[in-house]
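All figures in this text were calculated on a predicted structure; none of them were measured in a lab.
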Amino acid sequence: MLFLLSTLLVFTSFAASAPVLTVNEEMEQIFQNLTTEAQEDYFQILFNDTLTLWEMDQLWEQWAEKHVVSDKWAAYNGKWGARKEKFHKTVLSVIENLPSAYRMITEITSNRDQTVNQLFEAMDQLKETYNIEVSMISFLSRMMLLNEEHIINGGN
């Protein structure tokens with residue numbers, strides 16, 4: 001059961017701004033001494049696809065009280081919330097930087113007065129500031145090339 005939980009929450013494994021434990025470790029501490037019934041109750045909420053997110057939050061609060069893990073649950077939610085906020089800010093920043101990064105990539109790759117090594121050096125320098133953006137543009141470019149026929153024929 002702990003393995004399934006760890007697998008489901010692997011993306012929560014690095015630390016938020018709160019000290020000591022990572023989000024994943026916080027969740028593991030909650031589940032560490034839970035009864036089988038408590039674990040089943042948790043997963044019953046998690047896999048109930050008829051619940052709204054708000055309803056899930058409410059049921060998990062009740063679950064934490066019932067199984068006497070409210071403090072641990074609150075710590076977990078605090079770290080998860082901080083991590084989500086940081087993630088959203090980073091994503092927004094990357095999205096806002098994409099047009100500028102794309103223009104810089106285009107300038108670098110359009111410069112015919114440079115060697116291939118100079119081009120790679122310029123790209124490496126750009127990655128120092130815009131690593132995620134360059135990776136995203138590279139990925140998007142590959143996707144666009146895979147769909148080139150569709151795009152050329154007027155598709156979105």
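Partners of E37 according to the salt bridge (Lys or Arg N to Asp or Glu O under 4.0 Å) rule, which considers only residues two or more places apart in sequence or in another chain, are K66.
Using a distance-only test at 3.5 Å, with no hydrogens or angles considered, a donor-acceptor pair links the side chain of N153 to the main chain of E149.
Connection of L59 to W54 is not established within any shared hydrophobic cluster, with ILVMFWY side chains joined at heavy-atom distances below 4.5 Å, either directly or through further cluster members. Criterion: ILVMFWY side-chain heavy atoms under 4.5 Å apart, direct or through other members. Under it, F31 and M56 are part of a common hydrophobic cluster. Linking Ile, Leu, Val, Met, Phe, Trp and Tyr whenever their side-chain heavy atoms come within less than 4.5 Å leaves I95 and M143 in two separate clusters. W60 and V68 fall into different hydrophobic clusters, defined by Ile, Leu, Val, Met, Phe, Trp and Tyr side-chain heavy atoms under 4.5 Å apart, directly or through other members.
The neighbour count for L92 CG, taken as heavy atoms of other residues, nucleotides or ligands under 6.0 Å away, is above 12. Annotation for Q114: atom CD counts as buried by contact number, over 12 foreign heavy atoms lying within 6.0 Å.
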Is there a side-chain contact (heavy atoms from CB on, under 4.5 Å) between M144 and S141 once you walk through the steps? CA-CA 5 Å; M144 304 267 310; S141 295; 5.6 Å; no

Walk me through it: do W80 and E85 pass the test side-chain contact (heavy atoms from CB on, under 4.5 Å)? CA-CA 9 Å; W80 176 245; E85 182 64 28; over 6 Å; no

Worked check of side-chain contact (heavy atoms from CB on, under 4.5 Å) between Q44 and E40: CA-CA 6 Å; Q44 214 168 18; E40 288 172 355; 6.0 Å; no

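Residues K89 and S93 are not in side-chain contact: their nearest non-hydrogen atoms beyond the backbone lie 4.5 Å or more apart. Taking the side chain as every heavy atom from C-beta outward, Q29 and E25 never approach each other to under 4.5 Å. Counting only heavy atoms from C-beta outward, the side chains of Q32 and V69 never approach each other to under 4.5 Å.
When each of N33, L34, I30 is checked for a side chain to side chain contact (heavy atoms under 4.5 Å, CB included) with H67, only L34 meets the rule.
The hydrophobic cluster containing Y102, built from Ile/Leu/Val/Met/Phe/Trp/Tyr side-chain heavy atoms closer than 4.5 Å, also comprises V94, L98, M104, I105, I108, V116, L119, F120, M123, L126, Y130, I132, V134, M136, I137.
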